[in-house]
Amino acid sequence: MENIISICQKEKYIIPDLDISAFLESFTTLLYNARFVECLPVMLRNSAYFMLRGIMTANGIKRFERLRDVSCKKVN
């Protein structure tokens, strides 16, 4: 995941001054702890969504939303 975020950062989809290692540590800790206390899957998904969206630039958010919309249509 670090490699993917780094690539997205170079393509200006992720904020340029993000400390990727620190973000991933927080991201995985949050998800692990939420899973450990048996949070609902929708809570895990929303937490991941908002954390990832929070590190994106405006262009990254637009692209992310388009990809999410396409993948949601395939599932439904």
Side-chain angles (χ1 to χ4, degrees):
M1 195 162 177
E2 186 170 349
N3 190 37
I4 292 168
I5 292 174
S6 179
I7 291 167
C8 290
Q9 195 173 43
K10 289 174 187 161
E11 293 178 3
K12 301 190 186 323
Y13 293 127
I14 302 292
I15 56 176
D17 58 343
L18 176 72
D19 180 337
I20 297 171
S21 296
F23 169 77
L24 286 175
E25 184 176 334
S26 296
F27 184 74
T28 55
T29 299
L30 171 83
L31 295 180
Y32 175 78
N33 288 334
R35 181 93 173 152
F36 184 73
V37 296
E38 299 180 4
C39 286
L40 297 173
V42 69
M43 292 174 69
L44 288 168
R45 186 173 53 248
N46 287 341
S47 295
Y49 170 79
F50 287 117
M51 281 191 77
L52 289 170
R53 196 170 186 269
I55 65 170
M56 294 179 186
T57 62
N59 286 335
I61 291 170
K62 288 177 191 172
R63 182 163 182 167
F64 185 65
E65 294 300 324
R66 281 195 312 265
L67 292 171
R68 190 179 77 124
D69 291 345
V70 169
S71 66
C72 287
K73 287 177 185 174
K74 288 181 182 179
V75 171
N76 295 325

Q: Show which residues join Phe36 in its hydrophobic cluster (side-chain heavy-atom contacts under 4.5 Å, direct or indirect), or state none.
A: Tyr32, Val37
Q: Name all pairs fulfilling the salt bridge (charged side-chain N to carboxylate O under 4.0 Å, His left out) condition that reach into residues 36-52, sequence neighbours left out, sorted by first residue then second.
A: none
Q: Does Met43 sit in a hydrophobic cluster with other residues, and if so which ones, taking ILVMFWY side chains as linked at heavy-atom separations under 4.5 Å, directly or through other members?
A: Leu40, Val42
Q: Please list, chain by chain and in numerical order, all residues satisfying salt bridge (Lys or Arg N to Asp or Glu O under 4.0 Å) with Arg35, sequence neighbours excluded.
A: none
Q: Between Leu44 and Cys39, what is the shortest heavy-atom contact and its length?
A: CD1-O, 4.4 Å
Q: Under 3.5 Å, sequence neighbours excluded: what are the donor-acceptor pairs made by side chains of residues 52-62?
A:
{"residue": "Arg53", "atom": "NE", "partner": "Tyr49", "partner atom": "OH", "Å": "3.4"}
{"residue": "Arg53", "atom": "NE", "partner": "Glu65", "partner atom": "OE2", "Å": "3.1"}
{"residue": "Thr57", "atom": "OG1", "partner": "Lys12", "partner atom": "O", "Å": "2.8"}
{"residue": "Thr57", "atom": "OG1", "partner": "Tyr13", "partner atom": "O", "Å": "3.4"}
{"residue": "Thr57", "atom": "OG1", "partner": "Gly60", "partner atom": "N", "Å": "3.2"}

Q: Hey, can you pull the donor-acceptor pairs under 3.5 Å for the side chains in residues 17-27, sequence neighbours left out?
A:
{"residue": "Asp19", "atom": "OD1", "partner": "Ser21", "partner atom": "N", "Å": "3.3"}
{"residue": "Asp19", "atom": "OD1", "partner": "Ala22", "partner atom": "N", "Å": "3.1"}
{"residue": "Ser26", "atom": "OG", "partner": "Ala22", "partner atom": "O", "Å": "3.3"}

Q: Test of understanding: clusters of I, L, V, M, F, W, Y form through side-chain heavy atoms closer than 4.5 Å, transitively. Do Phe64 and Ile7 belong to the same one?
A: no
